[in-house]
Structures are given as C-alpha cells and as structure tokens.
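Okay, structure first, notes after.
Order of appearance sets the numbers: ligands from 1, and atoms from 1 within every ligand.
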Amino acid sequence: MTAHPDFLKYVDKHADKFVQRLADAVQIKSISGDAAYREETIAMGHWLEKQLKGLGVTTALKDLGQQTLQGQRLDLPPAILGKLGDDPKKRTVLIYGHYDVQPALQSDGWATDPFTLVEKDEKLYGRGSTDDKGPIMGWLNVLEAHQAQRLELPVNLRFCFEGMEETGSEGLEAFIEKEAAAGEWFNGVDCVCISDNYWLNTRTPALTYGLRGIAYFAINVSGPGQDLHSGLFGRMVHEPMTDLIKLMSKLVDHDGQILIPGIESMVAPPTESEIELYTKMDYSIADVAEAAGASIALSDHKETVIMGRMRYPSLSLHGIQGAFSEPGGKTVIPSKVAGKFSIRLVPPQTPENVVPLVTAYIESEFAKMNSKNKMNVEHSHGGKPWVADINHWNFEAARRAIEAVWNKSPDYTREGGSIPVTLTFAETLGVNVLLLPMGRSDDGAHSTNEKLDLSNFIEGTKVLGTYLYEVAQLAREG
Ligand SMILES: C[C@H](N)C(=O)N[C@@H](Cc1c[nH]cn1)C(=O)O
Ligand SMILES: [Zn+2]
Ligand SMILES: [Zn+2]
C-alpha cells in the first residue's frame, strides 16, 4: 500500500512550516548533561508533549525520579508517552526518540549560534537538527499532514520520548520494564521504530540492524590538598595529571587496538561471508574523509575501517576534567583530575563483563607506578550491544518505504553508536526493533556545525509516513 498521495503532497507544500517547527525545537537548549540546562531540558519535554497533544495524541508526562549531577540533586527530565489509535484490526507501531541534545558553544567552532536553526545551501544547521530533534519533528510532521487533511492513519501509534539519552538514559530502562508489566501504554505493540542514527554515506539511505553498546568511565586521580605552583612543587611531589596521562596512554594504541587484556579477545574474528557484506557496502575511504572532515582513516582498506565501526569494540579518550585548558600558559599542578573515556561494545561484550576487566587493569597499572596519589575507576553508565533480524516485516516495510521515496535500495548497516533503549524494547516487549535513520554520515552529530539536509528532513518525513503505510500493507499480505 503506497502512502496516501495527499500525505506526500502536504509534506512538500508545508516544508517551510516544518522547518519552523524544527527551529522552535532547536531553540530550546535541552542539554541533559549540564545541570545548568536541566530546567530547559524539562521545558523541552513539556513543549513536545504540547505539540503531540495538539496533533491529537493522548499523552502523559512520566516522572523518572532524580539524579545527582555536578553536585546537585536534580529532577530527571520526564519521559513522554503517547497513544493515537486503538483499532484492533491495525498494527501498533511504537516510536522512540530523544528530545535532549549534546552541549554546544559557538566558541567550540560553530559558524553560527548552535541554538538558532540556520538554513544555508539547503542544509539546516543547529544542535539537535539531526540528533534527534529533526527525526522527532519528522514524526510530528507525519501526524500534522494526516490531522490537517483528516486522513486516517494506517496503524495505531504509541510514542516514547525521553530527555536523557545523551547521558545514558538514566531511569528509562526500569521505567519501560515497569510500564510494560503494567500493560497500559505499551500494550499490543507489534514493532518499534527508532530514528536516531545516520546513513553510512551521503548518498544512500540506510536501515540499521545493529548498535554497539557502551561502557563509560572516569579515572579519578587526586593528591595535593589544593592546586600547586609548578615552580615550587615540580619534581617534589607526585602529580595527579602525570599519573593520569600515563594511565590513559595505556588504554588504547595509536592504531585503535584496545590494550586492556581480555577485551579484544572476547570478540570472534569475522568469517569470509561476513567480510563480503562489508565489501558490498556502498562505502569508501573517501566517505570516511568526507564525514570526518580530513583524510585520517586508520587504514586504506575499506573493510578494515568499516569493521572498526560496526563489528569491533573501540576505546576513545574524551577529556580530562580539572586540567588547565584555557588559552595562555598557567604554571599549575592541578590537584584533582578525572580522565573520561568510553568503550563501544560488540557482542558478546556487555558492561557487566567488561567493567571488571577495565577496573582491574587500571588498578594494577596504577599499583606499578608506586604513586602516593589516590586513584579510583568510576563506571558512570553503560548499555549492551544490539543486533536485529532484518528478515522481519518491520525491516521489509522500511525497505519498501525507502525505495518508494528515494528510488534507491537501502544499505543495511550496523551503527557504531549506542542507543541502549533499543535492546530494552527488544527484550522487554519481545518485538522487532528497526532503526530508520533520517540524516547523513556528514551531519556532524555531537560535533560542531551539526546539520540536517533539508532534503533528508522533507523526504525523511515522507519515508516515516510511508513506512507506516507499508507496515499496514504487510499486515494485509499476512
Ligand atoms: C546514536 C545516538 N544518536 C547517540 O548519539 N547515542 C549516544 C548515546 C550515549 C551514550 N553515552 C552517552 N551518550 C552515543 O552513542 O554516544
Ligand atoms: Zn541520538
Ligand atoms: Zn547523540
């Protein structure tokens, strides 16, 4: 069943209005990882709930409890649940998205204010444009096109939007398990669709059937009672930063090999037929350069590079809290530093089997240093990897939708990023979960000048709507 032609026409005709809706969403600084923006993150949740209500969705704001962040006790942003349609003859699709974003400062290198959506050369620049406000607005656009023209939706819809995804989805897993057991909002869900990742390149739409998990860590090193003058104390005392840098340098090699014993060896080598899948992908080393903004791929071998993202674990060093990082030269010995890093996990790795290996290794390396500083390893958040069955009708519906809108077959990809709730939905509801990305590989999610191409927003909205029609059609086909 192709999408209703009036739905598709409405999307083209109202593109400007849809862009304005995205601009309104981007303007709200819903940075979940910064206590200073917690009120705005919660305000974003309320804004989104109001939008859904206006589009005929029955909604509820669900309290997820509290957290301690930057020394403050804070309310967690609410989960938003929604329900539209209860026709037993129709399939029920659950849509997930997150309304929080990563931090962004213009001084990080943005060409324009990150929280003002700017349209330039058919691209929409702004924090959250692709991750994940654009895709959420895409769903709202689908609802509006149907409501405004009194078109019947082909499926029942359920929504679950959260405001903590960028900092580990705190409180969400337990909440979903509780709601699923209560049998109200998630009752009768037949499949889940998540639009929160990206095409593999800038040309070919993708369908994603795997995600890496994540284990996030901080190595805390402290010693002096306060910051010290390096002229007065240099070479007299154990320096926390020196210990930390040494520890961090022992985690990963320059070629990406993880140096923590037992981590790499957990993963089975790829089979010949699996490597063939990567060979067939519409991907090249030039695509890495385009998305990364420089020719810095770890290898010239396409399969090696793509496997580095899709089927091997990776360890990235993110930053050092407490270190001097301003312009100019300050001759300080910082008294307390925290080195942040994370490991992206692939099956059979889980935070449960990886965290003890990481902790024991760092503790033993620190012991070898005979430092009088104090060190501890903190595991802040994590999520398991996920792989889905692409032969399911949920993937088939999305494939047909992509072919109808983009006139192209999708790439089937595994994503290097993490969306821990994916596995929670798959395991708790026992249904197939599909990742249907809207944006392209060069969107710069989490980075400066994040953007969503206008065509991805508008055609992407059509894909989301068409997918619902294809889900209905496949139900009829049995
Ligand atoms: C893929 C998704 N859009 C995303 O960016 N997820 C984040 C989740 C996360 C985990 N810890 C902090 N953020 C990611 O993969 O980094
Ligand atoms: Zn996201
Ligand atoms: Zn993100």
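The set of protein atoms (N, O or S) found at less than 2.8 Å from the Zn ion (ligand 3) reads Asp131 OD2, Glu166 OE1, Glu166 OE2, His446 NE2, by chain and number.
Taking a heavy-atom cut-off of under 4.0 Å, ligand 1 is surrounded by Asp131, Glu165, Glu166, Asp196, Tyr198, Ile214, Arg344, His381, Gly417, Ser418, Ile419, His446.
Between Trp47 and Asp24, the shortest heavy-atom distance links the atoms CZ2-CB, 3.8 Å.
Remark: Glu122 CD is loosely packed, at most 12 non-hydrogen atoms of other residues, nucleotides or ligands lying under 6.0 Å away. Around atom NZ of Lys408, more than 12 heavy atoms belonging to other residues, nucleotides or ligands sit under 6.0 Å away.
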Atom pairs and distances, side-chain donor-acceptor, residues 425-433, under 3.5 Å, sequence neighbours left out:
from	atom 1	to	atom 2	distance (Å)
Thr428	OG1	Thr424	O	2.6
Asn432	OD1	Asn394	ND2	3.0
Asn432	ND2	Asp389	O	3.3

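Using a 4.0 Å cut-off between a side-chain N of Lys or Arg and a carboxylate O of Asp or Glu, Lys302 and Asp287 do not qualify as a salt bridge. Looking at Glu403 and Arg400, no side-chain N of the basic residue comes within less than 4.0 Å of a carboxylate O on the acidic one, giving no salt bridge.
Remark: Glu179 engages Lys62, Leu81, Phe175, Trp185, Phe186 in a side chain to side chain contact (heavy atoms under 4.5 Å, CB included) (not counting sequence neighbours).
Classified by interplanar angle (parallel below 30°, tilted 30° to 60°, perpendicular above 60°), the ring pair Phe18/Phe457 is perpendicular.
Once rounded to the nearest 0.5 Å, the distance linking CE of Met438 with CG of Asp453 reads 11.5 Å.
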